[in-house]
There are 2 protein chains.
Amino acid sequence: MNTNFNIENFIYTFSCDCNKAQKKTFSKNQVITTYIQKRNQLCILLSGNADLVRYDLNGNRTIVEHFSKNAIFGEVFYKVTTNNELLVEARSNCTVLFYTYDQLKKPCTKGCEFHKILAEHLPELILNKITDLNTRIELLTQRSTRDKLLMYFSLISTRKLSKTFELPLSLTDLADYLNVDRSAMMRELKLLKEDKLVDKIGNRIILLYE
Amino acid sequence: MNTNFNIENFIYTFSCDCNKAQKKTFSKNQVITTYIQKRNQLCILLSGNADLVRYDLNGNRTIVEHFSKNAIFGEVFYKVTTNNELLVEARSNCTVLFYTYDQLKKPCTKGCEFHKILAEHLPELILNKITDLNTRIELLTQRSTRDKLLMYFSLISTRKLSKTFELPLSLTDLADYLNVDRSAMMRELKLLKEDKLVDKIGNRIILLYE
DNA sequence: TTTTTTCTGTTGCATAAGTCACATATTATG
DNA sequence: CATAATATGTGACTTATGCAACAGAAAAAA
């Protein structure tokens, strides 16, 4: 999903005269930013994991996107105007770079190394984001809870190169990510076990098919 | 959703020595391309409308994305490997530019105008794509068929700046786009009419709330 | 440690949404 | 124009999923 290029190392190495970007750290469960459609904010996640979470008027919670190292996110990408609350929440301790789109758009007048390297790698980061979003859509357009679970497991499985893996999410979060009711998801999980398609020991998933 | 910049005009104006891009035209319902994960294809829709459509093993059809003028699409953005068939189908007559990602990535050695302008505007096109995808996810994560319909109508309404508008899709396609069963969607549409939230005369939708 | 909070696992019940089937309307096509 | 093909609209029935509620396990906090 993510590039091997390590922006963080580079950030630590180089300093940039013209750089208006802010670097901040967050601890688990802190709110990194809210989407309020004005600042054209663009962020890069240097380390840690975070989620874009939506709370709707009925109190429903949806994990809209999940971000890991090198993910880009922020208001620039989000023109949807509903009344819902959109927060980026840290899942673990995080380091985040804050830009505005304008800062990134125009080339650095001072010709500094920092901007050069960032501009060079931004297209790749963006490309990764698009494939992530497409994968997300693929997941959400699965017809049933069962299909969503199976596809999610399959994605993690290929990422980890193993039919056995730890769930990177709590089951509560997984339900919010797959956009299904938690108890309904638990029921389906049980049925998958009964059908000998999937086994689950604690946090560990074992795919039994193929 | 899309930029005001008109690539097509520009394409007709400039020619490019180094340009390996192919420009092709398609008539309604023709298949523009299939996603087969090898060629790193990247396409720009110069004119017309097209859909990325998925046919799954149960014969279900899903409209994954809808593309209009200046939309970019192609395999580069799509790393999902399911057994499903992924086709881009022309909804109307279309003109499409075909690139590979490699062609776009490296700067033109001949320094021609064509590449310069394209490179200049590509970030904006990509940004638009990301907001489109985020909107798509927002739509798909609506809880109920009713909510999906209401959000879809609201999107078109803001785009058209009017509470009255023609549906740009057939109802059959709309169901495939919202990822719901067609007859269930029809039922919900009837309920929305009964609840005096939405009216529908033929192809025309009238939003009655607010 | 103890206490509190969050997460997991499960149930009964209600209901939204899918399935199938068909009639009519509308749009393509020979 | 006639005929085929596709889209719309609706109803009866089934099923999947959501909802509410609770108990025990695990994790976090005091």
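We name chains A, B, ... by the order of the sequence lines, and we start the count at 1 in each one.
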S.K.: Please report, rounded to the nearest Å, how far the C1' atom of C:dT8 is from the CZ atom of A:R182.
M.R.: 6 Å
S.K.: Looking only at N and O atoms, is any donor in the side chain of A:T145 or the base of D:dA16 less than 3.5 Å from an acceptor on the other one?
M.R.: no
S.K.: Starting at atom CG of A:L189, determine the distance to atom P of D:dT17, rounded to an integer number of angstrom.
M.R.: 13 Å
S.K.: Mind checking whether A:F67 and A:F73 have parallel, tilted or perpendicular rings, split at 30° and 60°?
M.R.: parallel
S.K.: Identify whether any heavy atom of A:K148 sits under 4.0 Å from a base atom; if not, whether one sits that close to sugar-phosphate; answer base, sugar-phosphate or nothing.
M.R.: nothing
S.K.: Kindly indicate whether the side chain of B:R187 and the base of C:dG18 share any N or O donor-acceptor pair separated by less than 3.5 Å?
M.R.: yes
S.K.: Any donor-acceptor pair under 3.5 Å linking the side-chain atoms of A:T145 with those of A:R187?
M.R.: no
S.K.: Which listed nucleotide (C:dT19, D:dC19, C:dG18) is nearest to the side chain of B:S183?
M.R.: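 That would be C:dT19.
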S.K.: Does A:E65 come within less than 4.0 Å of A:R136, counting only side-chain N to carboxylate O?
M.R.: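 No, no charged N to carboxylate O under 4.0 Å.
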S.K.: Roughly how many Å is it from CG in A:D56 to C1' in D:dG18, rounded to a whole number?
M.R.: 14 Å
S.K.: Taking A:Y35 for the side chain and A:G74 for the main chain, is one N or O donor matched with an acceptor at less than 3.5 Å?
M.R.: yes
S.K.: Tell me whether the OP1 or OP2 atom of C:dG9 has a side-chain N or O from A:K200 closer than 4.0 Å.
M.R.: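 Checking A:K200 against C:dG9: at least one side-chain N or O falls below 4.0 Å of OP1 or OP2.
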S.K.: C:dG9 C1' sits how many Å from A:L174 CG, rounded?
M.R.: 15 Å
S.K.: If you assign A:L171 and A:R143 each to the DNA chain C nucleotide with the nearest heavy atom, which residue ends up on the more 5' nucleotide?
M.R.: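 Checking each residue's closest nucleotide, the 5'-ward one belongs to A:L171.
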S.K.: Using the side-chain heavy atoms of A:K28, tell me which of these nucleotides is nearest: D:dA28, D:dG9, D:dT17.
M.R.: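 Minimum distance to the A:K28 side chain belongs to D:dA28.
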S.K.: Kindly point out which of D:dG18, D:dT10, C:dT8 is positioned nearest to the side chain of A:S170?
M.R.: C:dT8
